[in-house]
K.L.:
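Pasting in a structure now, in structure tokens, and then I'll have a few things to ask.
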Amino acid sequence: MFKHWSLRAHIMLAFLLLTLTVSGLFSLSMVQMFFFLEEKLVTQDLAHMLPLYQKNQAHWQNDPALQFFASNDIHHPIPAKFSHLKDGYNEIVDERGIFYAYKATQQGEEYIVVQEQQDFEELEEHIFNGIAAGFVFSLLPAAWLGWFLARRITTPIRRLARDVGKDPLHPTATHENYGNNEVGQLATVLNDTLEKLRQSLRRERLFTSDVSHELRTSLMVISTSCEVMLANPALQEAQRGQWSRIHGACLDMISLVETFLALAREEHQETATRAITTAECAQVQYEKWLPEFNKKGLRLEFVAHVHSNTRYNQVFLETVMSNLLRNALHYTEQGHARLIVDAHGFTIEDSGVGIAAEHQALILSPFTRGPTARGNGLGLGLSLVERICQRQQWTLHITSRPQEGSIFQIRLAP
């Protein structure tokens, strides 16, 4: 439970526990000191009265708060209930109240002085109430002091988190803004670490852009050559099929390269990207993948419940939808697949082999394939879908059971 508490709450709790411990020990010490002094003072007072009583018994018998008993006094013998008292200080509690008793043994005779302590009990109660009140009210300034210091301690940390959170790749937090203390050292370490991350991302983007650009140039040459060959009427049917497959694979590669280029761009560069509605994209992908499903003897259904005019990044939307349809084709041996479009996104259902619950998160990692993997893929399709969804703030939800099929639901953010 405590691990979910904030640092401020931990500091306040530490102050309260410290105050509780110190105040509690101090209060207990005060009570014990009071009892100790009570015994010493009462013992001294009653021990002083005893010889005075022995000299003038008649005088002291007129005091209603005092009682004297002696083993050699036939008029005031020691009651049986006092026979068990030890020499020195005693405290007696009976139905009449609470009394102090002092017992002394001299020359074989026992003497007991008993004093009513009703007034002292009232004073004792007031003192104990004061100690208890002091203990309780000491927690209030401790709570305030804990809150004040916790705020002073955590404010720079919260400010640092806010500064870094505004733009992790270009943070405004520097050690000069936080002083030469632990928070300043943390800001310095964060800046150094984020600078290394910025350089790494910059190198990755440059590499991805350069490689994708060079690949796209070569692929465009291949694609154009395929189109020229397909336009040749002298081609035989078998040859035309081979060139068509090469042309289709080339177009898929061009689409993939465009996806990598789009992912390598900064977010603010996406304003110039082509946009498309979900229904338009689904219609194109349905027509593209329908022949492949028919070749495998599977039904591919296209259902559009609602047509939305909201437009999305065409490269990303086509890549996500195409990869999910390819996944449904590879992992479905009989039955059907269904592409459903609604106002919030789209869903792709299949009656394939399904995905076990423990593998659903695993297959979203790059270069990772499930135990029922088909073909010679590298395990990048679903990881690319996950990466695009994170980039675009789309939501991917997977529902699947082994041997019952899978449902991939994409919720799009405009």
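These values consider heavy atoms only, across backbone and side chains, with no hydrogens, waters or symmetry-generated copies.
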K.L.:
Mind checking the CG-CG spacing from Asp350 to Leu339? Nearest 0.5 Å is all I need.
P.N.:
12.0 Å

K.L.:
For the residue pair Asn327 and Asn323, establish whether any side-chain heavy-atom pair is separated by less than 4.5 Å.
P.N.:
no

K.L.:
NE2 of His336 to CD of Glu301: how many Å apart, nearest 0.5 Å?
P.N.:
6.0 Å

K.L.:
Does a sphere of radius 6.0 Å around CG in Asn129 hold more than 12 heavy atoms from other residues, nucleotides or ligands, not counting ones at 6.0 Å or beyond?
P.N.:
yes

K.L.:
Please name the pair of heavy atoms, one in Ile131 and one in Ser27, separated by the smallest distance, quoted to 0.1 Å.
P.N.:
CG2-CB, 3.6 Å

K.L.:
For residues Phe408 and Ile355, report the shortest heavy-atom separation together with the two atoms involved.
P.N.:
CZ-CD1, 3.9 Å

K.L.:
Report the C-alpha distance between Asp342 and Arg411 in whole Å, list the side-chain angles of each, state the deciding distance to 0.1 Å, and finish with yes or no for side chain to side chain contact (heavy atoms under 4.5 Å, CB included).
P.N.:
CA-CA 10 Å; Asp342 56 39; Arg411 286 292 170 258; 3.2 Å; yes

K.L.:
What's the spacing between Gln285 CD and Thr319 OG1 if we round to 0.5 Å?
P.N.:
8.5 Å

K.L.:
If I take atom SG from residue Cys281 and atom CG from residue Leu317, how far apart are they, to the nearest 0.5 angstrom?
P.N.:
4.0 Å

K.L.:
Considering residues, nucleotides and ligands other than Phe26, do more than 12 of their heavy atoms fall under 6.0 Å from its CZ?
P.N.:
no

K.L.:
Assess whether side chain to side chain contact (heavy atoms under 4.5 Å, CB included) is satisfied between Phe316 and Leu412, documenting all intermediate values.
P.N.:
CA-CA 11 Å; Phe316 288 152; Leu412 305 175; over 6 Å; no

K.L.:
Spell out, as yes or no, whether a donor-acceptor pair under 3.5 Å connects the side chain of Ser138 to the backbone of Phe135.
P.N.:
yes

K.L.:
Charged N to carboxylate O below 4.0 Å: is that the case for Glu292 and Arg326?
P.N.:
no

K.L.:
Could you tell me which non-hydrogen atom of Thr278 sits nearest to which non-hydrogen atom of Gly345, and how far apart they are?
P.N.:
CG2-O, 4.0 Å

K.L.:
Is the number of heavy atoms from other residues, nucleotides or ligands under 6.0 Å of Met229 CE greater than 12?
P.N.:
yes

K.L.:
Hey, can you tell me if Tyr89 and Tyr100 have their rings parallel, tilted or perpendicular (30° and 60° cut-offs)?
P.N.:
tilted

K.L.:
Is there a side chain to side chain contact (heavy atoms under 4.5 Å, CB included) between Ile340 and Glu349 once you walk through the steps?
P.N.:
CA-CA 8 Å; Ile340 304 172; Glu349 304 175 356; 3.6 Å; yes

K.L.:
Hey, are the side chains of Glu333 and Lys296 touching, using non-hydrogen atoms and a 4.5 Å cut-off?
P.N.:
yes

K.L.:
Check the angle between the aromatic planes of Trp144 and Phe148 and answer parallel, tilted or perpendicular using the 30° and 60° thresholds.
P.N.:
parallel

K.L.:
Are the side chains of Leu382 and Leu324 in contact, using a 4.5 Å heavy-atom criterion?
P.N.:
yes

K.L.:
State which residues pass side-chain hydrogen bond (donor to acceptor under 3.5 Å, both in side chains) with Thr347; sequence neighbours excluded, sorted by chain then number.
P.N.:
none

K.L.:
What are the two closest non-hydrogen atoms of Ala70 and Tyr111, and how far apart are they?
P.N.:
CB-CD2, 3.6 Å

K.L.:
Measure the shortest side-chain to side-chain distance between Thr19 and Ser23 over non-hydrogen atoms and say whether it is less than 4.5 angstrom.
P.N.:
yes

K.L.:
State, with a plain yes or no, whether a side-chain heavy atom of Trp243 is found less than 4.5 Å away from one of Asn232.
P.N.:
no

K.L.:
Using modelled atom types only, decide if a donor and an acceptor are shared between the side chain of Ser223 and the backbone of Leu219 within a distance under 3.5 Å.
P.N.:
no

K.L.:
Mind checking whether Gln283 and Thr277 have side chains closer than 4.5 Å, heavy atoms only?
P.N.:
no

K.L.:
Looking at every non-hydrogen atom in both residues, tell me the closest pair between Ser244 and Leu230 and how far apart they are.
P.N.:
OG-CD2, 3.6 Å

K.L.:
Nearest 0.5 Å, please: how far is CG in Leu85 from CD1 in Ile78?
P.N.:
8.5 Å

K.L.:
Measure the shortest side-chain to side-chain distance between Val114 and Ile112 over non-hydrogen atoms and say whether it is less than 4.5 angstrom.
P.N.:
yes

K.L.:
Rounded to the nearest 0.5 Å, what separation is found between the CZ atom of Phe302 and the CZ atom of Phe346?
P.N.:
11.5 Å

K.L.:
Test side chain to side chain contact (heavy atoms under 4.5 Å, CB included) on Trp289 and Ser322; report intermediate values, then the result.
P.N.:
CA-CA 8 Å; Trp289 287 98; Ser322 179; 3.5 Å; yes

K.L.:
Less than 4.5 Å apart, any side-chain heavy atom of Glu280 and any of Arg311?
P.N.:
yes

K.L.:
Locate the shortest heavy-atom distance separating Gln334 from Ser351; write the atom from each residue and the value.
P.N.:
O-OG, 3.0 Å

